[in-house]
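A quick write-up on the structure given underneath.
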Amino acid sequence: MEPVKIGLLGLGTVGGGTVTVLTRNAREIARRAGRGIEIARAAARDYRPELIEGLDRIGHIGDDAFAVVEDPNIQIVVELIGGYSPALELVMRAIDNGKHVVTANKALIAKHGNEIFAAAREKGVMVGFEAAVAGGIPIIKALREGLAANHIEWIAGIINGTGNFILSEMRDKGRAFADVLAEAQALGYAEADPTFDVEGIDAAHKLTILGSLAFGIPLQFERCFTEGISRIDAQDVANAAELGYRIKHLGIARRSPGGIELRVHPTLIPERRLLANVDGVMNGVLVKGDAVGPTLYYGAGAGALPTASAVVADLVDVTRTLTTDPSNRVPHLAFQPDELADTPVLAMDAIRTSYYLRLTALDRPGVMARIASILGEEGISIEAIKQKAPNKGETQVTLVMLTHRVIEGRMNKAIARIEALDSVQGAVVRIRMESLSG
Ligand code: HSE
């Protein structure tokens with residue numbers, strides 16, 4: 001059978017990795033797909049030939065991405081440019097031309113996926129996006145197919161390799177934030193704009209996708225709460241460790257009575273959980289289904305070859321199903337498009353979680369009692385409390401508290417009241433906490 005002809009947009013970290021994997025494993029990939037996969041054409045502005053194996057096997061390399069999506073010989077367009085523009089225009093044009101699309105672009109899918117999938121349905125083409133979430137981990141395949149029997153209850157994932165690498169190196173080696181970030185950039189893990197990694201935007205893109213696949217709701221990136229890791233203080237990392245917890249930057253999607261929680265933020269989790277031990281650039285996604293119970297997916301979340309592994313898996317999938325009746329293909333968002341639900345994504349003050357609180361208070365009688373009574377009045381139950389002895393000559397103490405689960409709106413009110421006390425200095429540090437028990 002004739003090889004399927006693909007057009008590659010971008011030869012950067014992931015594009016280069018895709019060429020390398022398609023070259024190295026060409027024979028095995030063809031045995032799986034039922035035919036060869038040929039890179040007939042590629043478009044790239046900048047690339048490093050010395051990092052790419054098999055560049056000479058590409059039919060034609062130019063710098064005009066639009067020429068690739070207009071080329072009638074190309075059956076599958078692989079978009080590895082990233083960002084919104086011109087990626088969106090290229091993908092829509094490819095679909096309009098009746099081509100299938102494979103992309104690693106989480107920002108594009110999280111923000112424009114609904115319109116992209118609608119256009120793809122109309123044209124009867126597939127859009128594969130396995131590489132958009134958690135690099136090489138086949139989490140989209142798992143959610144869409146492997147867990148299809150389940151009512152998914154919640155997902156908690158470490159889904160940004162750069163952020164996890166930074167937190168792990170800071171904790172284990174005491175390295176400076178900027179230094180670790182520079183290394184992540186040099187290794188090709190970080191986004192073009194690394195604030196996307198550090199401020200949680202990249203994780204929010206990925207969580208938006210996971211939430212839709214898990215609960216059958218349209219993509220709603222703008223409803224995802226996002227808080228980054230840049231304000232994590234070394235003393236909170238140390239306090240968490242003393243209490244038996246680790247701080248991880250988690251994406252959490254949970255089905256709650258009033259709607260769906262979709263939130264990315266630093267989170268204390270018990271150190272004995274497997275997820276607490278996912279370190280470095282590795283990603284881990286914990287999915288709780290009603291039938292299967294908790295399942296954990298672990299692997300490299302970024303990097304050339306791991307991400308290429310997911311891109312090529314999509315290419316194999318698309319190649320195998322090229323001739324399948326479009327209505328019999330796996331739906332883009334796991335649920336049939338006319339079965340997507342309008343379950344609301346909850347505002348952050350309606351979510352329920354536990355908290356780690358740190359505050360500085362004057363060391364005098366009644367202060368602790370006043371703080372405890374404010375928490376009590378707001379219906380917040382304290383799980384643990386720790387007062388650090390003041391240094392000699394100091395009149396202030398640091399208080400660390402863990403609370404039981406409460407609606408975030410109640411906690412906001414309690415924090416505002418505590419911060420207004422004359423005996424409390426500065427802001428209360430609040431880090432959300434999850435037990436992640438099955
Ligand atoms: N910047 C991303 C990360 C790349 O660090 O996880 C993979 O999406």
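Counting convention: from 1, in listed order, for ligands and their atoms alike.
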Open item on the list: For the residue pair K106 and F129, would you count it as a cation-pi contact if the rule is NZ or CZ under 6.0 angstrom from the ring centre and within 45 degrees of the ring axis?
Closed with: no
Open item on the list: For atom 2 (C) of ligand 1, what is the closest protein heavy atom, and at what distance to 0.1 Å?
Closed with: E191 OE2, 3.1 Å
- [ ] Please test R273 against E434 for salt bridge (charged side-chain N to carboxylate O under 4.0 Å, His left out), starting from the C-alpha separation and ending with a verdict.
- [x] CA-CA 11 Å; R273 296 270 175 266; E434 293 286 339; over 6 Å; no
- [ ] Please write down residue, atom name and distance for the protein heavy atom closest to atom 5 (O) of ligand 1.
- [x] T162 OG1, 2.6 Å
TODO: Have a look at ligand 1 and work out which part of D202, if any, has a heavy atom under 4.0 Å from it: side chain, backbone, both or neither.
DONE: side chain
TODO: Would you check if T208 and H205 make a side-chain contact, meaning some heavy-atom pair closer than 4.5 Å?
DONE: no
TODO: Output the list of atoms in ligand 1 that are nearer than 4.0 Å to some heavy atom of K206, sorted by atom number.
DONE: 2 (C), 3 (C), 6 (O), 7 (C), 8 (O)
Task: D197 neighbourhood, listing ligand 1 atoms whose heavy-atom distance to it stays under 4.0 Å - done: 1 (N), 2 (C), 3 (C), 5 (O)
- [ ] Report the nearest protein non-hydrogen atom to atom 7 (C) of ligand 1: residue, atom name, distance rounded to 0.1 Å.
- [x] G301 O, 3.4 Å
Open item on the list: Counting C-beta onward and ignoring hydrogens, is there a side-chain heavy-atom pair between R432 and L268 closer than 4.5 Å?
Closed with: no
Task: Protein contact to atom 8 (O) of ligand 1 [nearest heavy atom, distance to 0.1 Å] - done: K106 NZ, 2.6 Å
Open item on the list: Under the criterion side chain to side chain donor-acceptor pair (under 3.5 Å), I'd like the reasoning laid out for S230 against E199: C-alpha separation, chi angles, the key distance, then a yes or no.
Closed with: CA-CA 7 Å; S230 54; E199 296 307 337; 2.7 Å; yes
Task: Test item: L22 and V312 side chains (from C-beta on) under 4.5 Å apart, heavy atoms - done: yes
Open item on the list: Give me the nearest non-hydrogen protein atom to atom 6 (O) of ligand 1 as residue plus atom name, then the distance to 0.1 Å.
Closed with: G161 N, 2.7 Å
